Amino acid sequence: MDMNLEFISGLNEPQKSAVLHTEGPLLILAGAGSGKTRVITHRIAHLIINKNIYPYKICALTFTNKAAKEMQERVIKLLSNSGNLVMIKTFHSLCLYILRKYPEKINLHSGFTVYDTSLSESLLKEIIKDLSLDNKAFKPKNISSVIQNSKDKMILPEEFLDELPKDSFYKSIGKIYTLYEERKMERNALDFGDLILKTVILLKEYPEIKNYYNNLWEYIMVDEYQDTNKCQYILTTLLAGEKKNICVVGDDDQSIYSWRGADIRNILDFEKDYKNTYIVKLEENYRSTQNIITAAGSLIKNNSDRKDKTLFTNKEIGKKITLTECPSEMDEARFVLNKIKDLYKFTGKYSKIAVFYRTNAQSRFFEEALRENNIPYKIYGGFRFYDRAEIKDMMAYLTILINPDDTGSLLRIINFPPRGLGDTSLEKLRLNAIENNVSVFEILKRGNTDLRKSAKLSIENFLSNYNDLSIMIKNNMNPSAIAKSLVVQMGIEDELKKNADPESLDRLENIEQFIESIQEYEDSTENPNLSEYLNMISLYTSEEDGVEITDYITLMTVHNSKGLEFDTVFLTGMEEGTFPHFMSLEEKMGVEEERRLCYVAITRAMQDLYISHCQYSRKYGEIQKREPSRFLSEIPENLFQTGSEISYRTPIRAPFAKEREIKEKTNFQANSINNSTFKVGSKVKHREYGIGKIVDISGVGDNKKAKIRFGYTEKNFLLVYTPLEIVEN
DNA sequence: TTAGTTAAGATTTTT
DNA sequence: TCTTAACTAA
């Protein structure tokens, strides 16, 4: 047989065998940095080039949009245009893609909304209220996670009530769950969990649909298989169908999402579930130095339940891992800062350096240190563009244009900008809707409500604007044009310009940026329309804004680091209680997952790994003595180097609170002394509000007040308490 | 309806 | 300690 194997000549033997094994179940145990994406993409290329499989017969599933995008790009690189035809999607987007075709089969109609967490939670909040449950015991967040977890486990409301303990608490949750499903349906909406669950139900209930997809996608590939939950597992088996040409890739040692329902048994038991599974182990690491790999290996072997495999590398031994003990978190930040400065002197680059921490709260110290020294940094996976309130408002507005029954979105924006429809009015409308068994939008349209005259008027006004915008949709106008006139017509622009404080202007700018992103979508699509756009971004959460700076330090939680790599990694806060986190200490499996998490962190580093821990750190504002993480003692001492950093072990200073006190005092004094230097007309910089101009000064001594104008608003400050920088006097 | 105050609660978060 | 949500006063 003529085969073009040239393109896989660069692969090692196990990689090749994985690429060439195309029929039947295949389990690829891919250690960290072992080139798994390479294997997946080459396997796809091999199927198409050598096995004459049509590109659209292959479906690859990932967890993140980022991974899907990267995989598609790499496939296109190998195959050029036909790479576009390979179906590469996230679990959720594939399911959405399927469900959009059969909305009526899952009792919805076209144009249904996908609820994000905040919309789900506000619906739950309503339900908790309507059921007159104690809102201290029933928190939307907690209930939401119980419900989502149940969905991940394929437990429907009825089963929930049957299976779970019959105490009143769980009974109530069962009631909430039932009602939640009903209301969501009425609103023509789905939540994230539904996307997978309803697809599973659809494929099970309609064999002809399942057959259709089984014939369409003959080859299924699943990335990060260790992270699949039960529901996703069932989905993959349904997609694999009778042919069972299913290739799963994963690493049990990197399973760090069990708390989100990921079931590590899915990968551990794959060979039991699929007879004649062919197993390939990718154990050669191409990323890190020997020292780093040895450290990671010695750590992870302390876990009990894992597939037997050992990572190795042919790279150089490399530098020793630097272990540094710091008196306080501030010292730790300073240590990292100084090291970063040193590294920058050598490399002239920040972009290959990352700082990891276990919990988000730890980032502050590093942010502070970097900001003070004007070193650019970005928090990866931090606050996302689409999480901003104003963007969510825009989304909600656009959503109700497509799906007016989506009461959740409607309630979100009905009083933004303020229309005199406060909590009481909204509650009336909502209850009215429930009574009449229609959506709130329908109630608005009927208009015979017992609201104040002014409220009625503003509703009428809202509806007339709504109609104008609807007409634009009917006329197939561009989504960006609709969004633009929405911002004006609905009074969003006026509202934000009216309170022209820096924050509002910022929000307006974000909205403009949002509209720009819609335009980008239009430019890259043949027949752009609003509903397709919303469909696309409903599952799109990452920060896709064209950031100006390209060279920056990356700060992130260890969870976020999975799948990434950096020349230099700072793994910080390696103390008992922080990492492993105290919440995980109760169960053995909890500590094992923390260990895997630590393994993930270590294996991100290519060259340099700096591990640090503090003698004292704060928890909820209380200073506590800390012991080094148990994980540190699981790594052979000879891999560490503490010598050159030992000088940094300054004696225990009054940790923290005192430092802050001193700092505040000096600030206070500085301002007292400098009080006289502020005068009307001075340009000053405020930490929060930015640059402003002093328009008035009143009072004497410590009572001296300054009225400062920022943009279009004025604010009063007591000078002694306000840290102000003089920009121009 | 809003602004201001107070009390509670505080891992991790691919979609 | 710091943030957020729930309460209270204007």
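Sequence lines set the chain letters: A, B, ... in the order given, protein chains first and strands last, and positions in each chain run from 1. Please read all numbers here as calculations on a predicted model, not as lab measurements. When reading the values below, keep in mind they use all heavy atoms of this one structure, side chains included, and skip hydrogens, waters and symmetry mates.
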Minimum-distance nucleotide to [X] side chain [options: [options]]:
X: A/Thr90; options: B/dT15, B/dT13, C/dT1; answer: B/dT15
X: A/His92; options: B/dT15, B/dT13, B/dT11; answer: B/dT15
X: A/Arg358; options: B/dG9, B/dT11, B/dT14; answer: B/dT11
X: A/Phe63; options: B/dT14, C/dA6, B/dT11; answer: B/dT14
X: A/Asn415; options: B/dT13, B/dT15, B/dT2; answer: B/dT2
X: A/Tyr620; options: B/dT12, C/dT1, B/dT13; answer: C/dT1

- Item | Under 3.5 Å donor-acceptor pair, A/Arg260 side-chain atoms to B/dT14 base atoms |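 For A/Arg260, whose side chain was compared with the base of B/dT14, there is no donor-acceptor pair (under 3.5 Å).
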- Query: Which comes earlier along DNA chain B counting from the 5' end, the contact point of A/Tyr257 or that of A/Lys136, where each point is its nearest nucleotide?
  - Reply: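 Of the two residues, A/Lys136 wins.
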- Task: Would you please name every residue forming a side-chain hydrogen bond (donor to acceptor under 3.5 Å, both in side chains) with A/Glu532, sequence neighbours left out?
- Result: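 By the side-chain hydrogen bond (donor to acceptor under 3.5 Å, both in side chains) rule, A/Glu532 matches A/Tyr521.
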- Query: Can you list, by residue number, the residues of residues 578-589 of chain A that have a non-hydrogen atom closer than 4.0 angstrom to DNA chain B?
  - Reply: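 Contacts with DNA chain B under 4.0 Å: A/His581, A/Met583, A/Ser584.
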- Side chain A/Glu121, main chain A/Ser144, donor-acceptor under 3.5 Å: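 Answer holds: no.
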- Message: Please classify the nucleic acid contact of A/Asp227 as base, sugar-phosphate, or nothing, using heavy-atom distances under 4.0 Å.
- Response: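 The residue A/Asp227 makes base contact.
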- Check the surroundings of atom NZ in A/Lys428: do more than 12 heavy atoms from other residues, nucleotides or ligands lie under 6.0 Å from it?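 More than 12 within 6.0 Å, yes.
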